[in-house]
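To start, the structure under review is shown below, and the notes come after it.
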Amino acid sequence: MPVIAVIGAQWGDEGKGKVVDMLAERARLVIRFSGGDNAGHTVINPIGDFKLHLVPSGIFYPRVTCIIGSGTVINPARLIEEIEKLNQKRVDTSRLVISDRAHLVMPYHLLLDGLEEESRGGKALGTTRRGIGPAFADKVARHGIRAGELLDKKAFLERLRFVLEYKNAILTKIYGASPLSLDEVYKQYCRYGERLAGYIRETTTIIKEAQARGEAILLEGAQGALLDPDYGTYPYTTSSSPLAGGGSLGAGIGPTKIDRVLGVFKAYCTRVGSGPMPTELEDETGNMIRERAYEYGTTTGRPRRCGWFDAVAAGLSNQVNGFTGAAITRLDVLDTLPELKICVAYELDGKTIDYFPSSAAALERCQPVYERMEGWKADTSSIREFDALPPQAKKYINRLEELIPCPIDLVCVGPSREQKIEVRPVW
Ligand code: IMP
C-alpha cells in the first residue's frame, strides 16, 4: 500500500482535515508532519463535529495509529486540552503517538510571538500568536526543547535553565517585559510531561515497521504551500514547510518512499492573516463566499479573505510539490454564482506574467488577469458522480485541471465525510 502526502495547495484551510478523515479509512498510520496548533482542521463525520489543531485527522478510526511527527511544534497545554475534548466525545486517543523529536512551544514563545507582532506595527504578519514562529526559530537556533526531553526531568531542568536565562534577557532587555520564573515553567512542564509520557515515543521505528508490513500511510500537511517560508509570500508565511518535501522531513520518510502527493485546493481562494493575495475580492462576491462558506479561521476566528481561484499561484504550488493528483474542495460554495473568474496570469508593472513572483512587494502590485466562465447556478451538494455535475461545473473543474496542471482525483461538495465525488481512486 502506498504512502500518500495530503498537502495544502493554497494559503491553508483548504479542507485537508476532511480529506484525511476520508482517506484514513484505508490507512494504518496518519502522520502530521509540520506546523503546530496554528492549524485548525475541521472534521465532520458520523462521530461528531471536531476542530483538530495537533491531533491527526485519522484519530476517528480505531485501526489507525496517529503520529504527531518530528517536524511539528507542540504546545503541551493545548494538546492535553485537545486530547481531553476528544475523550469527552468518546474518541479513543490511545493510538496517538508524539514524536520525541517534536519541539515544544514554551511560554516564552507565546509571549515573544505577541511582542514581535506588536513591534512590527503596520508590518505585522498577522500570526496566530500561538508561539509557532519563535518555537521554530529556536529549533533552528538550537535553543529548542524537544518533547522527549520532558521524560528526563533532571536533564530538562538543565536545558531549561540555560535557555530561559537567555529568553528572559530578551524579554526584559529588548521588550521591557517581565521575566519568567524557572521554577514555575519547570514544574508546569514536568506536569505536562507526566500527562503526555505515555504518548511520547521514538517514531522512526514505528514508521519503518509499518512500511515493512506494506501498510498504507498518510502524511497530513498543515497550512498551505503559499505559506511555505521558501516558496510562499515571504515574510508573510508560516515557519515550517507545508510542502510535500516538508512531509518527507517532518514525518521521517525518505522522498523516494512517498508514492503520491495529493494537493488540496479550494474551488476558490482564501487567506487569513496579512500578506499579498492577488485575487482577493473586497466586494459583495467576497462577502457572499465568506458567509456562505463560513470562512472564519478555525484557530483564531478571524474572517478569511476570499477571492477567485488563482491558477498562477496553483502552478507554483504544483511545481514545488509535484502533485500526482488534486482534490478540489467546497465546489458547492460557488453554486449560486452567475459567473466565475479564474486568474490565469498577472499584470505586473505593465507586463503580463505567468509566474508567481518571489517578492511580496511585487505580488502586491500584481493585478489578476481573469478568464470568465459561466456559473452553473444549481445545487451540487448531493451529487456523488462527476458525470452528474451540471455541465458548467464540469467545465470549471476540467479547466482547473488544465491550468494547475494536475489530474483531479476528488471533488468535495459539502463539509461532511460523504459529500464527495471520487473522480479517480486516490489510494
Ligand atoms: P503563524 O504560523 O502563527 O506564525 O502565522 C503565520 C501566517 O500563517 C499568518 O498569516 C497565519 O494566519 C497563517 N497561518 C498559520 N496557520 C494557518 C492555518 O492553519 N491556516 C491558515 N493560515 C494559517
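Below, all heavy atoms of this structure are taken into account, side chains as well, without hydrogens, waters or symmetry copies. Start at 1 and go down the list; that is how both ligands and their atoms are numbered.
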| said: Check R305 with E282, please: is the shortest side-chain N to carboxylate O separation under 4.0 Å? | reply: no
| request: May I ask you to check if ligand 1 and D13 share an N or O to N or O distance below 3.5 Å? | output: yes
| Quick one: do R26 and E215 make a salt bridge, cutoff under 4.0 Å? | no
| Can you tell me the protein heavy atom closest to atom 17 (C) of ligand 1 and the distance? | Q223 CG, 3.5 Å
| field | Close-contact set for ligand 1 against T237 heavy atoms, below 4.0 Å | value | 6 (C), 7 (C)
| request: Would you please say whether a donor-acceptor pair under 3.5 Å links the side chains of H109 and D138? | output: yes
| note | closest protein heavy atom to atom 2 (O) of ligand 1 is T238 OG1, 2.6 Å
| task | Give a yes/no verdict on a cation-pi contact between K266 and F309, requiring under 6.0 Å between NZ or CZ and the six-membered ring centre and an angle within 45° of the axis. | result | no
| Quick one: does ligand 1 sit under 4.0 Å from the side chain of Y236, the backbone, both or neither, non-hydrogen atoms only? | neither
| For ligand 1, which part of V272 has a heavy atom less than 4.0 Å away: the side chain, the backbone, both, or neither? | both
| Just checking, any donor-acceptor pair under 3.5 angstrom between side chains of T329 and E14? | no
| field | Which segment of T300 sits under 4.0 Å of ligand 1 when only heavy atoms are counted | value | neither
| field | For the student: nearest non-hydrogen atoms of P134 and D113, plus distance | value | CG-N, 3.7 Å
| Which residue, N168, I170, V163, forms the side-chain contact (heavy atoms from CB on, under 4.5 Å) with Y108? | V163
| request: Kindly confirm or rule out an N or O of R302 lying under 3.5 angstrom from an N or O of ligand 1. | output: yes
| task | State whether E371 and R399 are salt-bridged, where the test is any N-O pair (Lys NZ or Arg NE/NH1/NH2 against Asp/Glu carboxylate O) under 4.0 Å. | result | yes
| said: What I want to know is whether N38 and ligand 1 share at least one N or O pair that is separated by under 3.5 angstrom. | reply: yes
| field | Contact with ligand 1 for D113, non-hydrogen, under 4.0 angstrom | value | no
| request: Answer with side chain, backbone, both or neither: which part of L125 has a heavy atom less than 4.0 angstrom from an atom of ligand 1? | output: backbone
| task | Indicate yes or no: does an N/O atom of R130 lie under 3.5 Å from an N/O atom of ligand 1? | result | no
| Numbering as shown, the atoms of ligand 1 that approach A39 to under 4.0 Å (heavy-atom distance) | 19 (O)
| remark: Of all protein heavy atoms, the one nearest atom 14 (N) of ligand 1 is L227 CD1, 3.8 Å
| task | Specify the protein heavy atom at minimum distance from atom 5 (O) of ligand 1: its residue, its atom name, and the distance to 0.1 Å. | result | T127 CA, 3.3 Å
| said: Against ligand 1, does G126 come closer than 4.0 Å with any heavy atom? | reply: yes
| message | At less than 4.0 angstrom from any non-hydrogen atom of W11, what atoms of ligand 1 do you find? | response | 21 (C), 22 (N)
| task | Give a yes-or-no answer on whether the side chains of R32 and S57 include a donor-acceptor pair shorter than 3.5 Å. | result | no
| query | So does E280 pair up with R304, basic N to acidic O under 4.0 Å? | reply | no
| query | Side chains of S241 and D230: do they bring a donor and an acceptor to under 3.5 Å? | reply | no
| remark: atom 3 (O) of ligand 1 sits nearest the protein heavy atom T128 OG1, 2.5 Å
| query | Is there a donor-acceptor contact under 3.5 Å linking the side chains of E184 and Y189? | reply | no
| query | Does R271 reach ligand 1 with a nitrogen or oxygen that is under 3.5 Å from one of the ligand's nitrogen or oxygen atoms? | reply | no
